[in-house]
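As structure tokens, the structure follows; a few thoughts come after it.
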Amino acid sequence: MLKKLFQSFRFPLRRAAHPRSTPQVLGSRQHSVNRSSISRNAVMVVERLQKAGYQAYAVGGCVRDLLLELPPKDFDVATSATPEQVRAEFRNARIIGRRFRLVHVHFGREIIEVATFRAGHGADDAEEDSNRAAHHESGRILRDNVYGTLEDDAQRRDFTINALYYDPVTERILDYTHGVPDIRNRLVRLIGDPRQRYQEDPVRMLRAVRFAAKLDFDIEKHSAAPIRELAPLLRDIPAARLFEEVLKLFLAGRAERTFELLLHYDLFAPLFPATAQALKENPEYTGTLIRQALINTDERIRLGKPVTPAFLLAALLWPALPARVLQQQERGLPPIPAMQEAAHDLIAEQCRRIAVPKRFTLPIREIWDMQERLPRRQGKRADLLLENPRFRAGYDFLLLRESAGEETGGLGDWWTRYQEVDDSTRRTMIRDLSKEDGGAAPRKRRRSPRKRRPASQSGGSDD
Ligand code: ATP
Ligand code: MG
């Protein structure tokens, strides 16, 4: 597939040790990017800026993805015009961002993001990453917008494959960092000294993994080498920024591979410390449950089905619950309150690392609560549960637990059948439960306070 892209172009095999000031220029016949594959609005923005006398290019992920014949997520433009100058050219433009100001040019639902060339100051692109900006010298400089040349702009980017500039007017690609050969060799390579670039912005370690997983690339060996040692730096990243990154990591359609890479590079533990502990203590169950959840997520994305971060997070954290439930029980709490406390504590602890918003933590709790309720099917309970808006997520979660080897006494199958059969069969199924007293006794039953499973097969009370 990449043959055509490189057929008439020879790349030097040796890498330049230092940044060059002349870019490699690929003419329209030397690459496969086509003007027509760029969003018309992005082309329009570039043309308008160029006509006004500025330099302007499509840049970053869109050029990379088009070279790989993947559909770009969005189209970013880099320009020599300042944000004010950009805004002056378009009626539908708005300046956004406090620390680093960008212009959003609106075309109906499409937004073209236009950034002024800037020089690298070590920090990152996260707009709201204000902690760092507020406390570090480099942050202050960035907030003041240190603009730069086109080459500065290329050098401050993270990976060579993300630093390609495409001019839709001349159809040429400018490559200051050997990004095109790295695309050919399927390598994620940091621009500059890897250790320094990770220290400047540790999130780049996660980005390296994200692109490697998403594009099926390797992380080039010098870029990979310092990651394990520097992984703990992720603990200093503001929790809000990490939440955004974690969503991108796990919702890009390659979550399973991403997880393996995160483990391989010791990047998982700083993100999910409690789960990492569970993985150590109970590798088979924890690993299977998480991998299965990620495989399901990837499959849903492939089929164009919606995925909810809450379900994924519920799965990622679930294996860390039993140890905490046990602690609470040892403090003397009965099973249900112990589970509630443990869930609350675990989520609070996780949020200190990754700021999961309330709109997701509530459904996580509901999915977990559902695990306590699904075994209790007596009387009208089963029908009430079916009507619960969280039933589907709870039921899917039950199947997930079973697929990881959790013993539930056939509960998943029971619920599958219950959903399929007619009303009178349902009544029979409920009656049969009472006969067997199938883990669903309606009577108030004292349960052993030493029971260890967070999602027990029998239930406790409904209150
Ligand atoms: P995707 O297709 O996943 O959006 P992308 O390459 O467009 O990938 P973005 O996060 O949208 O990634 O960032 C846009 C561009 O900004 C990148 O291609 C890269 O050049 C630059 N960039 C983003 N984050 C950083 C960072 N932390 N450090 C340096 N450059 C960055
Ligand atoms: Mg992007």
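We count ligands from 1, going down the list as the structure has it; atoms in each ligand are counted the same way.
Nearest residue to atom 13 (O) of ligand 1 from K248, R207, E113 is R207 (criterion: closest heavy atom). If you check each of R197, E200, R204, K214 against atom 28 (N) of ligand 1, the one with the closest non-hydrogen atom is R204. Checking D158, V63, D153 against atom 30 (N) of ligand 1, the nearest heavy atom belongs to D158.
With a 4.0 Å heavy-atom cut-off, ligand 1 is reached by no atom of F159. With a 4.0 Å heavy-atom cut-off, ligand 1 is reached by the side chain of K73 but not by its N, CA, C or O. At a heavy-atom cutoff of 4.0 Å, ligand 1 is contacted by the side chain of D201 but not by its backbone.
With contacts defined as side-chain heavy-atom distances shorter than 4.5 Å, the pair V209/T258 qualifies.
Every atom of ligand 1 with a heavy atom of G61 under 4.0 Å away is listed here by number and element: 5 (P), 6 (O), 7 (O), 18 (O). Interface of R64 with ligand 1, defined as ligand atoms under 4.0 Å from a residue heavy atom, comprises 1 (P), 2 (O), 5 (P), 6 (O), 8 (O). Taking every heavy atom of R156 and a limit of under 4.0 angstrom, the matching atoms of ligand 1 come to 29 (C), 30 (N).
Note: F268 and F272 have parallel aromatic rings, judged against thresholds of 30 and 60 degrees for the angle between ring planes. Note on ring orientation: taking the six-membered ring where Trp is involved, the planes of F243 and F360 are tilted (angle from 30° to 60°).
Looking at D201 and R241, a side-chain N of the basic residue comes within less than 4.0 Å of a carboxylate O on the acidic one, giving a salt bridge. For E260 and R257, the salt-bridge test fails: no basic side-chain N is under 4.0 Å from an acidic carboxylate O.
Residue contacts with ligand 1 include R210, since one of its heavy atoms falls under 4.0 Å from the ligand.
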Would R392 and D396 count as a salt bridge (Lys or Arg N to Asp or Glu O under 4.0 Å) here? Give the steps. CA-CA 6 Å; R392 185 73 212 188; D396 285 346; 3.4 Å; yes

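In the model, S37 has no side-chain atom that pairs as donor or acceptor with a side-chain atom of N34 under 3.5 Å.
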